[in-house]
Each structure stands twice: as structure tokens, then as C-alpha cells.
Amino acid sequence: MTDSSQTSRRSFLAASGGAVLSLKYAGASWAQEDAGPAYGTWEDLMRQKWTWDKVVHGSHGTNCQGGCAFNVFVKDGIVWREEQQGEYGKSDPDAPDYGPRGCQKGLRHAKYMYGKQRVLFPMKRIGERGAGQWERISWDQATAEIADRFLDTCTEHGPESITMGLGTQMAMKRASLMGLGRFATITGSPLPEAFAGVGDLPTGVYLTVGEPLLGDTAASIFKSKACFIWFANPAVTRIPDAHFFWEARYNGTEVVAISPEFTPTAMHASKWVNPQPGTDAALALAMVQTIIAERIFDADYIREQSDLPFLVRLDNRRFLRASDLGEAGETAEQRFYFWDEATGAAVPAPATGFNVPPPGQPVPEHAERLSLGSLKPALEGRWTVTTPKGEVKVTTVFELLKTHVQAYAPERAAETTGVHPDVIRDIGRTFASAKPAMIYAGFRISKWLHGDLFQRAIMLLLSITGNLGKPGGGLQFMNLAKDSDQAAFWFDGLPPTLRVATLSRWDYVHADGEGLNREVYGDSVADHIEQYFQKSVDNRWFPDYSKTPWKMGFYLGSNAANWRASGKRWRKEAFENLEHIVACATDMGVTAMYADYVLPI
């Protein structure tokens, strides 16, 4: 290619926001190549510790969503030291402010930045992949050659053959994420999401309410009257927000830490409950059993805000639907019923009877609300409903739930959990009586086998006590940030062309997930999964990723070759077969070692 062509391609990348792939972090790397002034003994350093040339502002986005503001003291072009900025107000007038924010990990971040493991300049592979043979190249050469490969691949195979993989090092740095998002929107290259890919997606929560993250700001912790810290250790892992727990405790909140080991969080809590590892779901259901048996649940909330009053056919254990009663049409399968105590008949439940669009499409606004008006759904009982095919006996979900949780009575649950029945009943009563009550959980709740079932158990606990959707209540995962300004930058002046790929489905297609299932789980499970996978593609619930070959991958702050769920199979079947691999990395991990180009960030 001619020089003019190369210049055009570099211009293309710059104009489309592609600088996030290369030049964004170049200044830091160039600065590190300057040896700087020579210092003598440690006494010289200590004498000059409190001198600096300027103060700039920064944060630390590596695997942390805290976004804590720091004053960064710079001397001779080097980060000399850092201090918490401490300029935070309140997000709520009834809660404490957010200061102080920052932690020891953040204060040591500059040491990592200047560590010997850092990648300092662009490199190009000159040997076999994984052999560790590299050539140092200039930024001009790197960006020109990467742009050439990018455009050649787009031209030959289409933009969907190139992925923009990102990890938490990129996702937590909002400015960088916005640049990447805009570039992906302009080019049409897919972004395989890593949220579910690393096991952070709370699938049980998503299956229950259709939204994965229900959290509020950390200040909502202060508003709770009972805060159960479950599957989390915020005194260590959420240091900037941990003060809200202890301030809430001084404000009268019962802070209960539930963990097998005595953690720093448990040390500061009002009470520590230590179930056996892996028995948390049983403990939650035992609390549910206590609340139902003692009838301290929130009946009015359950009637309006949950599906517990919905009628269930006793012959097939499916919801009673309008289609069972002879109604035709696409929405008949989605119209459900409860038994109205006022009229003594089965009546349609408000706000049901419409289809939910496939994932990724906006849910249309419906005028109908959950408000019951004069209706009073029954929670308990059995009735007979006349259908075109004859009479059908029905009951409520709540009635079936009562029967199900009998197996988790505290005396029986104690045998599994190791928690005394009196303690189970005590914390169950505490949670039911506190208004509002909150469960604070960490992302490891999503990483355990059957973690989805535990999530559904605590969502049930929140539902029967009326604690979903209320300030100071609900399931809190993290201090959620607003993303409207980020989305505005991504899509400003652009059509909706962003493609976010479901990582597990992407790998299933490109790394022979069906073959892996047959090898690990056997033909029966593999056939079952493959059947529904193909059905989702045929019904256009998800895109068909197999239509376009995967040819090029960018990995930005992501060491995917080290953590991908299918391990060696993914590396052999997919990753190593890519024609072009570009890694933007702080150090030489497995992914960078396999790359064709490595760019420092």
C-alpha cells in the first residue's frame, strides 16, 4: 500500500474514535522512557517528599467501580504521591456524604504503573505465536499496520468478523469506555460483553424480574433498618463505600453479616451468622418458611407486586392462561389470572397480556399498571375453573410456596446449614419487621454453581416482606453510576448500529461449545442445549453468530485467553485461529503473549 493510503487509514481510525486503541495512553509510556533526574540515598527522597511541581486529578479504574477522586502530586514528570481528594457531597439529604473515598489499593496504584512488569512501547510479533519474540516499533507504524489489517478484514469479511473485547480495566475507565463504544458503533464491530463472561451477571435476579442489577447508590444503605450483608465482604472489597454500613449501624440499623468465615465485615456488624459453605439458599428458604408460618409477610405488597397470587393449574403445574379459557391471539399465552375474593371468580391480573420483545429491543410502554383498584387477589385456597376442555382445579403460587418451604423448616435447615433454629427464626423475624430491609451481596453470588437459585431465594425473601423497589430496601450490588452521559457520547449523531454480543453464545458458536458439552456432560445434555440454542436462532431471539467467520480480535484491558470459561478449547478452537490479534495491555499476560501487536495502556 502507498503512503497516502496508510495516512488515510490512520485518519479513519482517529476520526472514528479509534484512538482508544492506540494513542490514548501513549503519553504515559513516552514519559516513562525518560529516566528523569538522578536521586541519591533514601534520605534525599524523604527530604523532597513534600515538594512537587504540580497537582493533577485522577482515579483508579482497574477492576473497581469506586471512581474515587485523588489529588496526584507530580514531580519531574513522575507521580510522587497521591492523596484522597475528599470533595464529595450528598446524593441524598437524609444520608451522609460520600467522603472519604479511596483505599490503600488505590494509593499504591502508581507503584504498579511504574512497575517492572509494565509494557512501555508498541511491539510487533516476529516469531511464532506465544514464543515471546517481539520487535519494538513506533506508534506510527503500529497504528498504520493495525488500521490496514482492520480495514482489509472489514472489506473481505465484514465488520462483524472483528470483535472489540474489553475487560474491567477498560470498562471501569469511563472515558476510555466511551471512546471504544463510539468506535464500535461507527464501525459495526461486535462488543462481546464480559459481564456475564466472567460470571458477574446475576442470572437468578434477571430470571426473576427481567433486570440484572437493581441497586441504588451506596447512600441507600443508610436508609435501611436491617441490612443483611450476604456473599460479600465490603470492609475489604468496597472500602470507599463501607462507611455507609457502619454509619447506618450507629443510626440504629441492624447490620447482619452472613458468611462461613469471620470476616472484617463480620467484625464490625451487629450480628454474624455463619452457615456452612454452599448452604446459603437453604438458610434463605428457612427464613421464608419462618415468615410464612408466623404470618408476618406483607400481604398487600404480595397481592399487587408479585406473581404469588397467580393461579396455577394442578394438573400440569402451569399458570392458568387466557388461552386455557378459550382466548385466541398472540397475547393469550401471556395473560394470567388470580382469584378475586370480592367477586369469587378468576379474573385477569392487571398488566399482563402482552408479549415481551426479544433481548436487546426496547420494551414498549404500556398504559396498564399493577394497581388492583377494587380487586382483592386471594393468596390461599383451591378452586375449580371451567375451561373449553372441562373443569380444571387451580391454586395459587403462594399456596404451592407454603408447601414447598415446609422442607426448609428451621429444625431441618439447621441440619444442613449448621445454624441453630432459634437464630434462623430470629433473623427471619428481624428481616420481616424492619421497614425497609436490604440485602447487600457481592458479585461472587453469581460465580457459584447454583448461585442463580440462591439469588431467586433472596429475591423471594425480599418479595414476601415487601422490600423490593423501596429506598433503603431491595438487593444492592454496588454503587451504581449513571450512564446516560456515556450513552449520549456513544450514539451522538449515529444510527443504532452498536452490536453487543452475548459472550457465552459467541464462544458456543466459534469454540465448538456443542462439542465441549458432549465431552463434559454427555450427549443427552448437549442435545438438549443445542435444541434450544437453535430454536433461539431460528426465532430470531438472538443473532446467528455463525454466519460470519471470526477473523480479528482486539483485547483491551482483558486477559481473555487466561479466564475464558472453556479454557484450552477456546484457545485452540477460536483464539489461536484468529488471523489478527491486537492486545492493549499493562503487562504481558497470556493474551498479550499470543497477540500480533501489543499496545501499552
Side-chain angles (χ1 to χ4, degrees), residues 125 128-130 149-150 153-154 156-168 170-171 184 188-201 203 359-360 446-447 449 499-538 540-585 589-598:
R125 177 176 61 85
E128 295 294 323
R129 276 188 177 164
R149 296 189 182 204
F150 181 91
T153 305
C154 281
E156 185 175 352
H157 302 287
E160 293 178 70
S161 65
I162 305 172
T163 56
M164 300 288 172
L166 70 154
T168 48
M170 177 64 74
S189 295
L191 279 169
E193 54 76 31
F195 186 48
V198 298
D200 282 345
L201 178 69
T203 52
S446 308
K447 299 178 186 292
L449 182 65
R499 295 185 174 102
V500 178
T502 305
L503 190 66
S504 58
R505 296 179 64 89
W506 183 272
D507 288 354
Y508 184 88
V509 168
H510 294 289
D512 188 23
E514 181 184 355
L516 179 64
N517 286 338
R518 293 192 187 282
E519 180 182 323
V520 177
Y521 303 111
D523 290 341
S524 177
V525 171
D527 289 339
H528 180 79
I529 295 174
E530 175 66 13
Q531 173 191 350
Y532 284 100
F533 182 87
Q534 290 302 327
K535 182 178 180 180
S536 69
V537 173
D538 295 341
R540 302 182 68 183
W541 297 339
F542 287 91
D544 185 358
Y545 299 136
S546 65
K547 287 182 177 181
T548 305
W550 189 16
K551 295 295 182 180
M552 186 174 187
F554 287 82
Y555 295 91
L556 305 107
S558 169
N559 194 9
N562 190 54
W563 59 255
R564 218 51 169 248
S566 50
K568 291 182 179 179
R569 178 179 290 267
W570 180 82
R571 289 197 292 269
K572 294 295 182 184
E573 298 289 339
F575 184 66
E576 292 182 12
N577 292 325
L578 291 176
E579 294 179 0
H580 313 294
I581 301 174
V582 179
C584 300
V590 177
T591 307
M593 287 296 293
Y594 273 87
D596 301 304
Y597 293 89
V598 177

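In terms of heavy atoms, Trp550 sits closest to Ala574 at CZ3-CB, 3.8 Å. Considering all non-hydrogen atoms of both residues, Gly165 and Ser558 come closest at O-CB, 4.5 Å. Residues Thr153 and Lys551 approach most closely at CG2-CB, 3.8 Å, considering heavy atoms. In terms of heavy-atom proximity, His157 sits nearest to Thr548 at O-CG2, 3.6 Å. Val590 and Asn562 make their closest contact through CG2-OD1, 3.9 Å (heavy atoms, listed as atom of the first residue, atom of the second, distance). For the pair Met552 and Leu578, the tightest heavy-atom approach, listed with the atom from each and the gap, is N-CD2, 3.9 Å.
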task: Go through the steps to decide whether Ile529 and Tyr521 satisfy the test side-chain contact (heavy atoms from CB on, under 4.5 Å), and finish with yes or no.
output: CA-CA 11 Å; Ile529 295 174; Tyr521 303 111; 5.6 Å; no

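Side chain of Ser189 to backbone of Pro159: a donor-acceptor contact under 3.5 angstrom is found. Counting only distance, with no hydrogens or angles, the side chain of Glu193 and the backbone of Leu503 share a donor-acceptor pair below 3.5 Å. Under the 3.5 Å distance criterion, the side-chain polar atoms of Asp596 are left unmatched by any main-chain donor or acceptor of Arg125. With hydrogens and angles ignored, the 3.5 Å screen pairs no side-chain donor or acceptor of Tyr545 with any backbone N or O of Tyr508. A donor-acceptor pair under 3.5 Å is absent between the side-chain atoms of Asn517 and the main chain of Gly522, judged by distance alone.
Within the model, atoms OG1 of Thr591 and CG of Leu556 stand 11.0 Å from one another, a figure rounded to the nearest 0.5 Å.
Ring-plane geometry between Trp570 and Phe575 is classed as parallel, the angle between the planes falling under 30 degrees on a 0 to 90 degree scale with a further cut at 60.
For Ser446 and Asp200, the side-chain atoms include no donor-acceptor pair closer than 3.5 Å.
With Phe554 as the fixed residue, the side chain to side chain contact (heavy atoms under 4.5 Å, CB included) test singles out one of Val582, Thr163, Leu166: Val582.
Other residues, nucleotides and ligands contribute more than 12 heavy atoms inside 6.0 Å of the NZ atom of Lys447.
Annotation: side chain of Asp527 is in contact with side chain of Arg518 (closest heavy-atom distance under 4.5 Å). Counting heavy atoms from C-beta outward, Trp541 and Lys535 have side chains that approach closer than 4.5 Å. Considering only heavy atoms from C-beta on, Cys154 comes within 4.5 Å of Ile162 through its side chain. Between Ser536 and Arg505 the shortest side-chain heavy-atom distance falls below 4.5 Å. Residues Glu514 and Phe533 fail the side-chain proximity criterion, which asks for heavy atoms closer than 4.5 Å.
Here Tyr594 and Tyr555 keep their ring centres 6.0 angstrom or further from each other.
In this structure, the side chain to side chain contact (heavy atoms under 4.5 Å, CB included) partners of Glu573, at least two apart in sequence or on a different chain, are Ala511, Arg569.
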